[in-house]
Q: 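Take this structure, written in C-alpha cells, and hold onto it; I'll ask about it next.
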Amino acid sequence: MEQIDDQYRPADVESTVERYWDEHDAYEAATEAHADDPPFFFVDGPPYTSGQMHLGTAWNKTLKDAVIRHKRMTGHRVTDRPGYDMHGLPIEVKVEEELGFESKRDIEAYGMEPFIEECLRFAEENREAMDEDFQSIGVWMDWEDPYKTVSPEYMEAAWWAFSKVAENGLVEQGKRSISQCPRCETGLANNEVEYEHVDDPSIYVKFPLAEREGSLVIWTTTPWTIPANTFVAVDGDLTYQAVRAERDGDEEVLYIAAECVEDVLKEGRYDDYTVEDEYTGEEMVGWAYDHPLADRVAEYPDFEGAGQVYTAEYVEADRTGLVHSAPGHGEEDFHRGRDLGLEIFCPVEPNGEFTEAAGPYAGTFVRDANEAIIADLEADGHMLASGTVNHSYGHCWRCDTGVIQLVTDQWFISITDVKEDLLANMETSEWYPSWARDNRFRDFIEDAPDWNVSRQRYWGIPIPIWVPEDAEPGALDDEMIVIGSREELAERVEEEIDPGTIDLHRPSVDGLTIVEDGTTYRRVEDVFDVWLDSSVATWGTLGYPGADEAFDELWPADLIIEAHDQTRGWFWSQLGMGTAAVGEVPYEEVLMHGFANDSEGRKMSKSVGNIVTPQEAIDRVGRDPLRTYLLSHDQQGVDLAFEWEGLGEIQGKLNILWNVFRFPLEYMALDGYDPAAATLEDGELEVVDRWVLSRLQSVEADVADAWDDYRVHDAVNTVLSFITKDVSRFYVKAVRDRMWEEADSASKRGAYATLSTVLAETIRLLAPIAPYLTERMYQRFDGGATTVHALSYPEPDPSLRDAELERDIGVLRDVEEAAANARQQAGRKLRWPVPRVIIETDDPAVADAVENLTALIADRVNAREVVVTDVFDELVERARPVMAAIGPAFGGEAQEVMTAVQGATREAIEGGEVRVNGEPIELDEDMVEYVAEPPEGVSGTDFDGGTVYVDASLTDEIESEGYARDVIRRIQEMRKELDLDVEARIRVGVEIDDDRVAGFIEEHADLIAGEVRADAWLEAPDAAEGTDSLIERWDVEDVTVRLGVEPVAE
RNA sequence: GGGCCAAUAGCUCAGUCAGGUUGAGCGCUCGGCUGAUAACCGGGAGGUCCGCGGUUCAAAUCCGCGUUGGCCCA
C-alpha cells in the first residue's frame, strides 16, 4: 500500500483496502483489540429476507456500522452480531408465486413439508445475497455468525419469552374481530394492513320497525355484512326525527338523525317531507326491527336481544346517524356486542366465502355477493339509495387483496392489561430524537389493542401451545400447556425426540402430543405473527435461554438503531414483549433515523421509476463518499432527499482530505522524515502550528459531544469542515514555504510534526465514517497497527488548546479576507507586495489579535508593514453634491456645478476653489455632503471588527520584487510542465524586452535561483538545449518575458 | 379521517428549543493563488424564510388555520 495515487479514486482505494482487510484479517484484529474492554450491547434490528439492500437499508446499516466502529474505538467490546428476519407471510407469498399457487389449498396439496423447505431455501438465498450487499458497503459486523430467526436456538427464545408471558397470565384465546386476508386465509396485524383508495358500494338501507310505522335508515359500504346484522346503534344524546317523506306520491316514515335528514332525503330523491316526531337516541333503545334479509338467508341473528336498537359510542351524526352493527365483523361492533351480551354471528369462512347460513349467498365470495344483496334489498323495497363511494380501504400488505373484518378464534397477548407498565417502561429508554418517544410512540402505546399473535399459516415459529384434543375453541387459555424450551418439549411429549436435533418448524411439531392427567393435548395449528420473532431479538442475539452467560452480563441492549417506521414495528414489539414477558423494556437507547427519498422528497418506488440503488451510487462515486454522504445528513428522525450533486460534493471534500494528506509525503520522503514517529517536541512550533493543533483539540471535543448525543452528522460535518476550512484553506497555505525549504530546520520539523499529528488524528476521527479511505491513509502514513479501526479514538489534549490564539487567528482570517477584497479594488494581485496595510479598529480585542500576529498577517497579506490604529487619520473627506439644494439654486448650471463638486476635498470646497467656467461659485452648507475616503492609492474594506486599508502604491523596490515573483512563478510552472522531481536542479535563461524590468530581474537573480533550484544562468532562453528542455514566452504585466529551462543532468 | 415530522438562495442544509439586520457549502460569475495543480482562495449576483391570519415594539423563530411531501395509525 505504499504507492499513493495523485488523484483520489475511491474505487481503487476501496478495492485495495478490501484486499488488504481480507489478507490481514483486519476485522478480527479490530475486535480482538477491544476484547477486554467494557461491553456495549448493540442489537441489530433484523432486516427481512425477501429482497435486496436498497438505499434505506444501506443507510441503516452504514449508521449502525459507524456507531459500532466509534464505540469500539472509544473502548468498548461491542456486540455486533447481525440478524435476519426470515419467517413470515411475505416469504410464503413469494414462494407461492414461484410455485404458481393461488390459495392455501394448493399448499396443502403440494405438502406442507416441501413448501416449508422452499420457504427456507428462499430465505437463505436472500440472506446470503444481503450478507454480500452489507459487506459491500464496508459494514463490519460478525458475518460469520449472524442470528437467524429460523434457527432452533432463536425459535426457542420466542418460545421461552412467550411462556413467560403465559406465566404472567397474559396469554388469552378469544374471539376477536380481526382483519383477515381472505386470499392468505389468515388474520393480519394492524400494521400489516395497508390502506388504498377504492370504489365501494354506498347504500342507504331501510330496516322496517317491528312495532311501529316506518324504518330505521342505516348507511354502509359493505352490503355483505348485512346478513350478520345484529343490532342498530344510535348515539344516546343525539336527536332523531321521524319524518314522513314523499316520493312519487308514495309516503313513508323514516327515522334519521336530525342533522342528517336533509342529506339523506336528497340521496333518496324524495320530493317533500314533514317532521312528525323527535326522539333522543336514548328513547329509541329497545325498539325492535325486522332483519331486512330475514326472508332470504337461512339463518340470521334472531336470538335474544338481536334486532333492536342500542346506544354505542362509535355513532356520529354522519350519513344517517344510525349504524348497522354486526359484531361478527366490525371490531367496534364486536366489542359493543360483547358488552351487551349478544351472541356473535358470522356466516363467513376464513377464505371470505359465505357459509350455508347465508342461504342463497352460500359459497359466494363476500365482495362478489354485494351485487346480489343490493339487488335483493332493492327487490324487497328496503333500499333507500344505492351508489358508490371512493374511500380508503384496508388491503393485505403482501398480496394486496382487500381485507375483510371477521370474528375468529385467535391467540392474544393481552397487553392492554399492562398498559400502565408499558407507559412506565417506555420512559426508561432514551430516544434520539426525544420527540419520537414522547409524541408518536406514546400515542401509539396509549391506543394499542391486544396483540393478536396467531397466524393460520405455515412458515413461522409454531405457537407452543398444547390444548386438550376435541376441546371447543373459545377460552382454551384456562386449559392450555405452554412449552418454553426444546428440553421441556422433549420431557413432556409422548413421542421420543432429541432436543438437540429437533426442528421446531411445522409440520414436525404438529404431531407431538402431551398426555397429562388422562387428557391428551395437541398443538394448536397456528404459527406466530412474524413481528413476534423479531420482538425477542435481544434474547436471540445472545442465544438465550439456551445459553445464559452473555445474557447475564449484557441484557438489556444498550442501543438499537432503526428508521421511523419501526416506531410501530420493532420499537413497539420489543417493548410489548419485554413488558409482558419480564416487565422490562429490552433496550436502553433508541436512535431513530429517517427514510431515503428521491431528490424531490418523494418516496422511491418502482412505479414512479425514481429508485436509486446503492450499487449505482457506489459505481458512480464510491463507498466512502456514499457512506459519508448518508451520514452527513441529520440522523435523527428526518428523511433524506437523495441527490447526486450532494454526493459529488462529499466526494470533493474527501478529495481535499486526500490532497492535504499527500501534500507533505514527498517532502517528508526527501528528508527521510517518518510521520509515524513524529513528536511535537522535535522541532519548533510556530504560531500557525500551535493554532491548528488547538483547533484540532476543539474539533475533537466538539466531535465527542456530537457522538455522545448521536448527532453523527454533526461529528461528520465538524471534521470535514476542519479539513477543508482550517487545514486546507489556512494551515497548508501557511506552511508551504517551510516544506519547500531545502535545508533541515527546526521550523520545518515543527511543521512536519504538526501536520503529521493533525493528519494522524483526523484519519482516526473519520475512520468510523469512511473506513476504506482512512485505512488507506493510515497504512501509508503509519501502518503500525493491522488496521486503523483497532486504534483508539482521538481525545482532546487540554494542554494544546489555546482559546485566545483561536480567537486571534479568527480575527486574522477576517482581516485577510478584507485585505484580499481591498487588494482586488486596488487592482493589486497578492504576488506583488504592498507597502502598508492599516487595520482600523476600536475593539481592543481585535487590536490585540492583530498586534499578536503582526508578522503572520504581514506575510499572508504580503505587506511590508502592518499597522493597527483606532483612527486612520489619512482619510480624505470628499464632497458629494446634494442635488435637492443645488438644482433650485443654480437652475441650468446645476449639472456643471454637480460635476465640479463631485469628489472635491473639503479644503477645496471651503477654500472656494470650486469653479464653473473659471468662475468661483458660492455654495451653501446644505448643498454639499462629505464622505471620508481613503487617499489616492489606498482602498479599504470593512470587516467584523473594523476596516482594513491597503496602501497599494508602487515603488521601484516593490515593482522589482513583484516582477521577480512573477518570473519565479512562471519558471515553477515550467518545472511542473517538465514533470521534474521536487529536488531536481535546473539552468535558466531569461530574455526580457523591457530594460527596466530586465534590471529588476537581474537585481533578484539570487532570490530567483534559490526559489527555483537553479544552479546557473544561461546566456539566453535558446541556450536551453536537449529534448527535455523547455522554452516559453510569457506575458507578465504586459511585458514579454521569454524563459528557457534546462534540467541539469545528474 | 387522526397523530407526528419536514418546508429557508438554483441544489443540500444551519439558524427555530431560549423572538432582535437570514448564514454556510455546492453551483453560477468575475478575479486571485499555486511544486496539493482535474487541487486551492477571494469578490459578486442570487431569498414572498411554503401560504394566510394572530400574539408582540419586533416573528424564519411563538400560536391558529391551510398547502405540499414523508412516516405511522384508522
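On a predicted model such as this, the values are computed, not experimentally measured, just so you know. A, B, ... follow the sequence lines: proteins, then strands. Residue 1 opens every chain.
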Q: Could you tell me which nucleotide pairs with B:U29 by Watson-Crick or G-U wobble geometry, both distances under 3.5 Å, or answer none if nothing does?
A: B:G43

Q: Under 4.0 Å from OP1 or OP2 of B:C72: is there any side-chain N or O of A:Arg440 that close?
A: no

Q: What is the separation between atom CZ on A:Phe334 and atom P on B:A74, rounded to the nearest whole Å?
A: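 Taking CZ of A:Phe334 and P of B:A74, I get 17 Å after rounding.
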
Q: Can you confirm whether more than 12 heavy atoms, excluding those of A:Lys829, are under 6.0 Å from its NZ atom?
A: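 Counting neighbours around NZ of A:Lys829, more than 12 heavy atoms of other residues, nucleotides or ligands fall under 6.0 Å, so yes.
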
Q: Ignoring hydrogens and geometry beyond distance, is a side-chain donor-acceptor pair present between A:Glu959 and A:Trp832 at under 3.5 Å?
A: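 No, A:Trp832 and A:Glu959 have no side-chain donor paired with an acceptor closer than 3.5 Å.
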
Q: Quick one: label A:Arg969 by what it contacts on the DNA or RNA (base, sugar-phosphate, nothing), any heavy atom closer than 4.0 Å.
A: base

Q: So, A:Asn659 versus A:Tyr8: side-chain donor-acceptor pair below 3.5 Å or not?
A: no

Q: Paired with B:C57: which nucleotide, if any, by Watson-Crick or G-U wobble criteria at under 3.5 Å for both distances?
A: B:G20

Q: Please check the phosphate of B:C40 (OP1 and OP2 only) for any side-chain N or O of A:Arg729 closer than 4.0 Å.
A: no

Q: Please report, rounded to the nearest Å, how far the C1' atom of B:G23 is from the CG atom of A:Asp814.
A: 14 Å

Q: Starting at CG of A:Asp565 and ending at C1' of B:G3, how long is that distance when rounded to a whole Å?
A: 16 Å

Q: Taking only the C1' atom of each, what is the distance from B:G51 to B:G46 in whole angstrom?
A: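 It comes out at 23 Å once rounded to the nearest Å.
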
Q: Could you give the CD-to-P distance, from A:Glu645 to B:G10, as a whole number of Å?
A: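 Nearest whole value for this atom pair: 13 Å.
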
Q: Using the side-chain heavy atoms of A:Asn439, tell me which of these nucleotides is nearest: B:C5, B:A36, B:G32.
A: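 Nucleotide nearest to A:Asn439's side chain: B:C5.
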
Q: Sort out the partner of B:C4 for me: Watson-Crick or G-U wobble, both distances under 3.5 Å, none otherwise.
A: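 Per the H-bond distance test, B:G70.
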
Q: Check whether any side-chain N or O of A:Tyr667 sits under 4.0 Å from OP1 or OP2 of B:A36, and answer yes or no.
A: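 Yes.
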
Q: Hey, are A:Glu973 and A:Arg969 close enough for a salt bridge, meaning a charged N less than 4.0 Å from a carboxylate O?
A: yes

Q: Rounded to whole Å, how long is the line connecting atom CZ of A:Arg9 with atom P of B:A38?
A: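 After rounding, the gap between these two atoms is 11 Å.
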
Q: Checking A:Arg620 against A:Trp644: charged group under 6.0 Å from the ring centre and within 45 degrees of the axis?
A: yes

Q: Enumerate all atom pairs, one protein N or O and one N or O from nucleotides 12-17 of chain B, separated by less than 3.5 Å.
A:
| unit_1 | atom_1 | unit_2 | atom_2 | d |
| --- | --- | --- | --- | --- |
| B:U12 | OP1 | A:Ser599 | O | 3.4 |
| B:U12 | O2' | A:His633 | NE2 | 2.8 |

Q: Above 12 or not: heavy atoms from other molecules or residues under 6.0 Å from CD of A:Glu313?
A: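 Atom CD in A:Glu313 is not crowded, with 12 or fewer foreign heavy atoms closer than 6.0 Å.
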
Q: Classify the side chain of A:Ser728 versus the base of B:A36 as yes if they form a donor-acceptor pair under 3.5 Å and no if they do not.
A: yes

Q: Phosphate oxygens OP1/OP2 of B:C71: is one of them under 4.0 Å from a side-chain N or O of A:Lys603?
A: yes

Q: It should be established whether A:Arg568 places a side-chain nitrogen or oxygen under 4.0 Å from OP1 or OP2 of nucleotide B:C71.
A: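 So the side-chain polar atoms of A:Arg568 never come under 4.0 Å of the phosphate oxygens OP1 or OP2 of B:C71.
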
Q: Distance from A:Met426 atom CE to A:Phe571 atom CZ, nearest 0.5 Å?
A: 14.0 Å

Q: Return the value, rounded to whole Å, for the distance between atom CH2 of A:Trp658 and atom C1' of B:A38.
A: 15 Å

Q: Please determine if A:Lys419 and A:Glu446 form a salt bridge, counting it only when a charged side-chain N lies under 4.0 Å from a carboxylate O.
A: no

Q: Who does B:C52 pair with, Watson-Crick or G-U, both distances under 3.5 Å?
A: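 Pair assignment: B:C52 / B:G64.
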
Q: Working to the nearest 0.5 Å, report the span between OG of A:Ser632 and CD of A:Glu649.
A: 8.5 Å

Q: When you compare B:G54 with B:G69, how far apart are their C1' atoms, in angstrom units rounded to a whole number?
A: 26 Å

Q: Let me know the distance between CZ of A:Phe781 and C1' of B:A36, rounded to the nearest Å.
A: 14 Å

Q: Among B:G32, B:G42, B:A36, which nucleotide sits nearest the side chain of A:Asn659?
A: B:A36

Q: On a whole-Å scale, what distance lies between the P atoms belonging to B:C65 and B:C28?
A: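 Approximately 44 Å lies between the P atom of B:C65 and that of B:C28.
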
Q: Is the shortest side-chain N/O distance from A:Asn717 to OP1 or OP2 of B:G25 below 4.0 Å?
A: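 For B:G25, OP1/OP2 do not have a side-chain N/O of A:Asn717 under 4.0 Å.
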
Q: Calculate the interatomic distance between A:Asn862 atom CG and B:G42 atom C1'; express it in whole Å.
A: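 After rounding, the reported distance stands at 15 Å.
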
